[in-house]
Amino acid sequence: MKKTILILSLVLSLALVGCQSGADKAKDAAEALNAVTLSAEDAVKIFTDKYAGAKIDDISFEMEKGSYVYEINGFDDASEYELEINAVDGSIIKDKVEKDNTADKKAIDLGIIKNIDELVATSIKDAGDGYHLNSFSLEHEAGITKLDVKVENASGKDIEYEYNLETKELIKKDK
């Protein structure tokens with residue numbers, strides 16, 4: 001009997017610790033998001049200033065090692081570029097260049113990246129109170145530029161949205 005009570009106590013304690021750490025993790029993510037000062041457009045400018053003439057084919061924004069980071073991938077006729085940028089201070093975290101055949105790559109129309117903030121806000125509003133941005137990514141696929149937005153709440157429940165970035169049309173919503 002004492003052994004059963006001890007085991008139940010241990011299981012309940014672990015469950016409570018697990019719940020607390022999930023809430024703490026979400027709180028930390030929300031605080032890290034509040035510290036972000038760099039927009040996607042700012043990050044793209046850092047990339048294009050560094051690699052003038054390169055086209056961008058992929059942009060993402062996500063938490064890495066406790067802070068938010070933009071990862072931008074681009075290309076020109078002979079090389080591929082990957083740049084990771086700290087979303088708080090704009091410092092470059094990773095800078096990688098590889099020689100590669102890029103003939104099959106398609107570039108993102110940089111004129112439509114201004115739509116990202118609006119669609120992130122739309123996603124958060126649709127998700128409801130307590131949700132915040134977890135991550136987003138965009139890439140050119142099947143003739144359109146798709147924006148994937150992931151929002152989550154303090155308990156770790158997430159909702160994913162997929163938009164046509166040019167038309168702002170919701171393509172898919174996964175709960």
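Below, each value reflects all heavy atoms present in this structure, side chains not excepted, and no hydrogens, waters or symmetry copies.
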Item to check | Set of residues satisfying side-chain contact (heavy atoms from CB on, under 4.5 Å) with respect to E162, sequence neighbours excluded | outcome: K146, D148, I171, K172
Item to check | Smallest separation among heavy atoms of T102 and S79, with atom names | outcome: CG2-O, 3.6 Å
Checklist entry - Can you tell me if T145 uses its side chain to pair, donor with acceptor, with the backbone of E139 under 3.5 Å? => result no
Checklist outcome for this item: One should read off an interatomic distance between Y51 OH and I56 CD1, to the nearest 0.5 angstrom, of 11.5 Å
Checklist entry - In terms of heavy-atom contacts, does CG of D129 have more than 12 from other residues, nucleotides or ligands at under 6.0 Å? => result no
Checklist entry - Is H132 reaching over with its side chain to a backbone N or O of N153, donor-acceptor style, under 3.5 angstrom? => result no
Next on the checklist: Run D126 and Y131 through side chain to side chain donor-acceptor pair (under 3.5 Å) and show every step you take.
Outcome noted: CA-CA 9 Å; D126 179 74; Y131 280 85; over 6 Å; no
Next on the checklist: My understanding is that only one of L147, I144, I112, N115 makes a side chain to side chain contact (heavy atoms under 4.5 Å, CB included) with E166; could you say which?
Outcome noted: I112
Next on the checklist: Can you confirm whether K125 is buried at NZ, in the sense that more than 12 heavy atoms of other residues, nucleotides or ligands lie under 6.0 Å from that atom?
Outcome noted: no
Item to check | NZ/K173: more than 12 non-hydrogen atoms of other groups inside 6.0 Å | outcome: yes
Next on the checklist: Which heavy atom of V44 sits nearest to which heavy atom of I113, and what is that distance?
Outcome noted: CG2-CD1, 3.6 Å
Next on the checklist: Once you measure the plane-to-plane angle for F61 and Y70, does it fall in the parallel (<30°), tilted (30-60°) or perpendicular (>60°) bin?
Outcome noted: tilted
Checklist entry - With side chains defined as the heavy atoms from C-beta onward, is the minimum distance between D95 and L83 less than 4.5 Å? => result yes
Next on the checklist: Would D42 and S39 count as a side chain to side chain donor-acceptor pair (under 3.5 Å) here? Give the steps.
Outcome noted: CA-CA 5 Å; D42 295 334; S39 70; 3.2 Å; yes
Item to check | Heavy-atom neighbours of D89 CG exceed 12 at 6.0 Å | outcome: yes
Item to check | Validation row: I46, L38 side chains within 4.5 angstrom (heavy atoms) | outcome: yes
Checklist outcome for this item: CD1 (I85) and CD1 (I93) are apart, to the nearest 0.5 Å, by 8.5 Å
Item to check | Pair E98 + K96: basic N to acidic O under 4.0 Å | outcome: yes
